[in-house]
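Okay, so here's the structure we're looking at.
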Amino acid sequence: MKKLTYLCFSLLFISSAVFAQEQEKTKPQGHTDQNKFRQMKDLLATPNESRTASGAPGYAYTQQKVDYVMDIRLDEDKNQIYGDEKITYHNNSKDYLEYLWIQLDQNMRAKDSKTPDIESESFNAAFNGPITFTNTNLKERFDGGFNIEHVKNENGSALSYTINQTMMRINLPKPLAPGEVFKFQITWWYNVNNHILNGGRSGYEAFPDGNSTYVIAQFFPRLCVYDNVEGWQNMQFWGRSEFALEFGDYDVKLTVPADHKLEATGVLQNPKDVLTKEQQKRFEAAKKSFKDPVFVVTQEEAEKAETERSKKQKTWHFKADKVRDFAFATSRKFIWEAMAVDIKGKTVMAISLYSKEGNPLWEEHSTRVVANTLEEYSKLTFDYPYNKAVSVHAQMGMEYPMICFNYGRPNPDGTYSERLKRGMIGVITHEVGHNFFPMIVNSDERQWTWMDEGLNSFVEILAELDYDPNFITGNLPKDIVPYMGGDQSYISPIMSQGDYVHQFGPNAYTKPAAGLYMLRQTIMGPELFDYAFRTYSQRWMFKHPTPADFFRTMEDASGMDLDWFWRGWFYTTDYTDIGVKEVKKYYLTDTPTEKAKELAKRNNMNLDDYKDKLVYFAEAEDGVVPENAKTPSDFKFLNDHLEGLPEDEKTRIKEAPKYFYEVTFEKPGGLVMPIILEMTYEDGTKERKTYPAQIWRYNENEVKKVFKTQKAITSFVVDPDLETADVDTSNNTWPKKVENNFDQFKEKVKG
């Protein structure tokens, strides 16, 4: 008996334990806040006295200043550049600096460069053409790195330094105290690369006529940024992610062949020494021509210069204040034209340099596109502060303060396609636009590519559409759909350092631009967006903003909580997919429905007590409303109630609806976005309604909305104009159309 009792007790204990475990499994588990609308406290840096919670620079914000005095000489016969530069470094920080870091970008092309070594290689290609085979297998690596002849102190004594690939550390004799200045000098030279054959963001292009055009940048040792966010920004330059630079004043003398025409960052100091009297006269005329470009050097004159080769040299002298970099372009082949641009009463010069190989396309568009870009960007940001913007014809797209290099070459017979024209207009707009981001709003390109490329690509959309209302920009929300709906293994969040991103263009250019366009057009509206964007641009002119400064300013100046958007669009690879899951039709009846009976039972109501006092909503079976369905006017007690209302109340009551719909929206995609809904009525008229993204705050999987109308609705369409980058529109329409599939959508995107 004791054994039986013990056994029963044991079984009871075991059963209780198992039951307890099962109960524990079914208990709701604790979790952290994963709501799409949670604030970004976990992602953004803590505000401080340097960078405030509003996104503005704080009272303790500082940044360094670096001034350069340079003598540069181009040897056209050897394709070499020689430089002597004197650098004055101003330590405006509160820190003692033990060393200075300098960028040596040309070392990416040195013979011992590690850049080629980081690329994966294979024999996947079954065959090569002669050019590819020669370049890949036979050609000796180009030796384009800096040759540092000496680094000296202001007094001429040698300075200790260490070169680590594309970075050089200057070992200071003693720590540089806050507020102190350190002066030193570097002498160097390097072989200029042929950017057509060897690639690169600068270099020369050799033409069959024996002449070359030089577009020269990153050509001198430049100081890295030192700030309160990164310390020294001394990440290696691997060739993709661009530059972080300090502002300063430049005094540069450029010695080139005497028959060259040259443009550069800054204001030309000695026009009488380098231009003929006729060229000076033409340039002065251009300063008063606000409608059409004026030729400073004509095509006929440029073609004549191509047939000769001066053995003499000329020195062009430029000064530029408050710029972060310096670049120049020079050739005897250049046609030169200029036009004045009125930026709120200030005259700025739009200038183009191009060889005859660029015509007729460049003569038709380049300078006008430069002018349009300056005007449109100034409207959305700040008045362009420099004296000029120069577009130079080269087979690349690259930007520097006041000067940029742009592609767009017609066929040898002068013909060109519409696509080539759009490409040239787009690249000139984009590269000139970089004067604003990052040449003035000076973000860290090495770390956050999107802060210059993405913001610039966004404003580019508006400038292009102003130049040509039918322009196909390629940066709209619909254009990012194939990327966002693609293989997640090859997609990175926008907030990724560019060197390891697979699809660099969509990630750093198109997706940020499309997102900002969506913010402006769909989420915030132009008025709120433009004010906030202008506030950010003006707050951070000639300063170093971070992503947090941008996010915070946009919210602070607009009064909108956008954390859900930044988190989803910038920090994840989630995509938009919103659709119509179900549409139910309802009709009015005076007979209690099953749903009404259940509700009454739960609330201890006797519906008989409410006879002729309630209106019931009945769901139409298979979407078909019975012929005996009632309208509001069929209910006497409802009419009596309305008639008994005061006159002022009656005027506020709309005509009674006849049709009732309950729409369930689904969201298979990970992003929350506004629901943009277009309704089409039986008479063909349409109505559109936009629901804020916050409609998903309680349930991010599905939400319902009720529609009460006087006319029957024949269709519901979500996002009819492709405003939210919805990756799959097959669920966007009710009634569902068989042909409304993803392939059709992709065709619409292409159009």
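The model shown is predicted, which means the values in this text are computed figures rather than measured ones. Just so you know, these numbers use all the heavy atoms, side chains as well, and skip hydrogens, waters and symmetry mates.
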query: If every non-hydrogen atom of Asp479 is compared with every non-hydrogen atom of Pro482, which pair is closest and at what distance?
result: O-CD, 3.7 Å
field: His544 and Phe247 aromatic ring geometry - parallel, tilted or perpendicular at 30°/60° bounds
entry: parallel
field: Heavy-atom donor-acceptor pair, Asn193 side chain to Gly199 backbone, under 3.5 Å
entry: yes
query: Hey, are Glu464 and Thr429 close enough side-chain-wise for a donor-acceptor pair under 3.5 Å?
result: no
task: Give a yes or no on whether a salt bridge exists between Asp726 and Lys478, defined as a side-chain N under 4.0 angstrom from a carboxylate O.
output: no
query: Taking the six-membered ring for Trp, are the ring centroids of Phe436 and Tyr384 within less than 6.0 Å of each other?
result: yes
- request: Please determine if Lys287 and Glu284 form a salt bridge, counting it only when a charged side-chain N lies under 4.0 Å from a carboxylate O.
  value: yes
- prompt: Can you name the closest pair of heavy atoms from Phe318 and Glu263 and give their distance?
  reply: CE2-OE1, 4.0 Å
- prompt: Under a 4.0 Å N-O cut-off, is there an ion pair linking Asp383 with Lys344?
  reply: yes
- line: CD of Gln279 to CH2 of Trp336, rounded to nearest 0.5 Å, is 7.0 Å
Residues Glu205, Arg409: salt bridge by 4.0 Å N-O rule: yes
message: Hydrogens and angles aside, do Asn359 and Gln299 bring a side-chain donor and acceptor to less than 3.5 Å of each other?
response: yes
message: Please report the interatomic distance OG(Ser355) to NZ(Lys333), rounded to the nearest 0.5 Å.
response: 5.0 Å
- prompt: Measuring from Lys379:NZ to Asp530:CG, what's the distance to the nearest 0.5 Å?
  reply: 11.5 Å
message: Tell me if the aromatic rings of Trp450 and Phe504 count as close, with their centers under 6.0 Å from one another.
response: no
query: With a 3.5 Å cut-off and no angle check, do the side chains of His317 and Asp251 form a donor-acceptor pair?
result: yes
task: Search all heavy atoms of Pro674 against all heavy atoms of Thr522 and return the closest pair with its distance.
output: CG-CG2, 4.4 Å
query: With the threshold set at 4.0 Å, does a side-chain nitrogen-carboxylate oxygen contact exist between Asp556 and Arg539?
result: yes
message: So that I can tick it off, tell me whether Arg324 and Glu445 are bridged by a salt bridge, with the cut-off set at under 4.0 angstrom between side-chain N and carboxylate O.
response: yes
query: At their closest point, which heavy atom of Pro512 faces which heavy atom of Gly454, and how far apart are they?
result: CB-CA, 3.7 Å
task: Looking only at non-hydrogen atoms, find the nearest pair between Leu245 and Asn442 and report the distance.
output: O-ND2, 2.7 Å
message: Is the ring pair Phe533/Phe458 parallel, tilted or perpendicular, if the boundaries are 30 and 60 degrees?
response: perpendicular
- prompt: Does Arg201 reach the main-chain N or O of Gly239 with its side chain, forming a donor-acceptor pair under 3.5 Å?
  reply: yes
message: Once you measure the plane-to-plane angle for Phe565 and Trp569, does it fall in the parallel (<30°), tilted (30-60°) or perpendicular (>60°) bin?
response: parallel
field: Check: His393 ring centroid to Tyr354 ring centroid under 6.0 Å
entry: no
field: Parallel, tilted or perpendicular: rings of Phe328 and Phe219 (30°, 60°)
entry: perpendicular
task: Output yes when Arg368 and Asp292 qualify as a salt bridge under the 4.0 Å nitrogen-oxygen rule, no when they do not.
output: yes
query: Any side-chain donor paired with an acceptor under 3.5 Å for Asn406 and Ser391?
result: yes
- request: May I ask you to check whether Tyr377 and Phe382 place their ring centres under 6.0 Å from each other?
  value: no
- prompt: Between Val341 and Ala350, what is the shortest heavy-atom contact and its length?
  reply: CG2-CB, 3.8 Å
query: How are the rings of Tyr536 and Phe550 set relative to one another: parallel (under 30°), tilted (30 to 60°) or perpendicular (over 60°)?
result: perpendicular
